[in-house]
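Contents: one structure, followed by commentary.
Every number for a ligand or one of its atoms is a count from 1 in the order of the listing.
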Amino acid sequence: MSVSSASPPVLIIEDEPQIRRLLQLTLESNGFRVHQASSGGDGLARSATDRPEAVVLDLGLPDMDGIEVLKQIRSRSTVPVLILSVRNSEQDVISCLNAGADDYLMKPFRQGELVARVKAAIRHRQQPETRGAIIAGPVTVDLDARVVKRRGEIVRLTGTEYALLALFVRNAGRVLTHRYILEQVWGPAYAEESQYTRVYVGQLRKKLEDDPANPQLIVTESGIGYRFAV
Ligand code: CA
């Protein structure tokens with residue numbers, strides 16, 4: 001198997017050697033370059049030095065909780081983070097999404113699904129966009145430069161937040177159903193996971209709206225989905 005410098009680097013933060021090995025083999029055989037860390041502290045250091053294009057993060061680490069690792073990564077980077085965990089309550093999933101995770105995969109995982117989700121997370125950051133800047137109230141979205149500003153100040157969005165906002169902007173004025181949003185941003189396997197849209201729309205509102213509790217940009221169409229109001 002050949003690993004070239006063009007292979008996207010992925011950082012695995014996982015303390016169990018066998019799962020780390022499985023992740024490494026799975027990702028390398030699909031063209032990724034793999035960096036590994038077996039603790040939260042090492043993972044944080046490597047997430048800064050190794051410049052990964054995606055991070056696969058275990059929640060149960062020996063030195064610190066994976067959520068804390070996620071929060072620290074998110075405080076300085078928009079790199080896509082996929083959570084890998086045996087914890088599977090809706091509350092766990094929502095906590096991770098709220099802390100800035102791009103995706104959540106349960107252990108034991110299917111290898112094909114892991115690869116598909118890592119690729120999707122990376123693609124969200126690289127998606128070629130239609131041209132031009134869109135102004136909506138206090139917010140400017142430049143789809144060419146992938147820059148979002150609010151009252152002239154740059155707003156930092158994660159890859160998935162940006163992918164969701166870009167979908168709204170490209171469909172400004174149209175009502176998008178939960179299912180359509182989930183399929184477009186996360187993929188067909190997510191069509192029923194409406195907590196993803198709820199959490200992510202909440203995050204976008206916090207970052208973009210003057211009053212997130214009374215949104216003027218991303219409007220809820222009750223029982224249907226959302227509409228980006230221009
Ligand atoms: Ca673990």
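- Ionic pairing of E28 and R33 is not present here: no N-O contact between side-chain nitrogen and carboxylate oxygen is shorter than 4.0 angstrom.
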Problem - Test log, rule side chain to side chain contact (heavy atoms under 4.5 Å, CB included), inputs Y200 and V185 - result: CA-CA 11 Å; Y200 270 83; V185 176; over 6 Å; no
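- Of all protein N, O or S atoms, those under 3.0 Å from the Ca ion (ligand 1) number 3.
- A salt bridge links E161 and K207; the closest N-O separation between the charged side-chain nitrogens and carboxylate oxygens is under 4.0 Å.
- A salt bridge is defined here as a Lys NZ or Arg NE, NH1 or NH2 lying under 4.0 Å from an Asp or Glu carboxylate O, and R20 with E14 fails to meet this definition.
- Using a 4.0 Å cut-off between charged nitrogen and carboxylate oxygen, R87 and D58 do not count as a salt-bridge pair.
- Classification of the Y226-H178 ring pair by plane angle, with boundaries at 30° and 60°, yields perpendicular.
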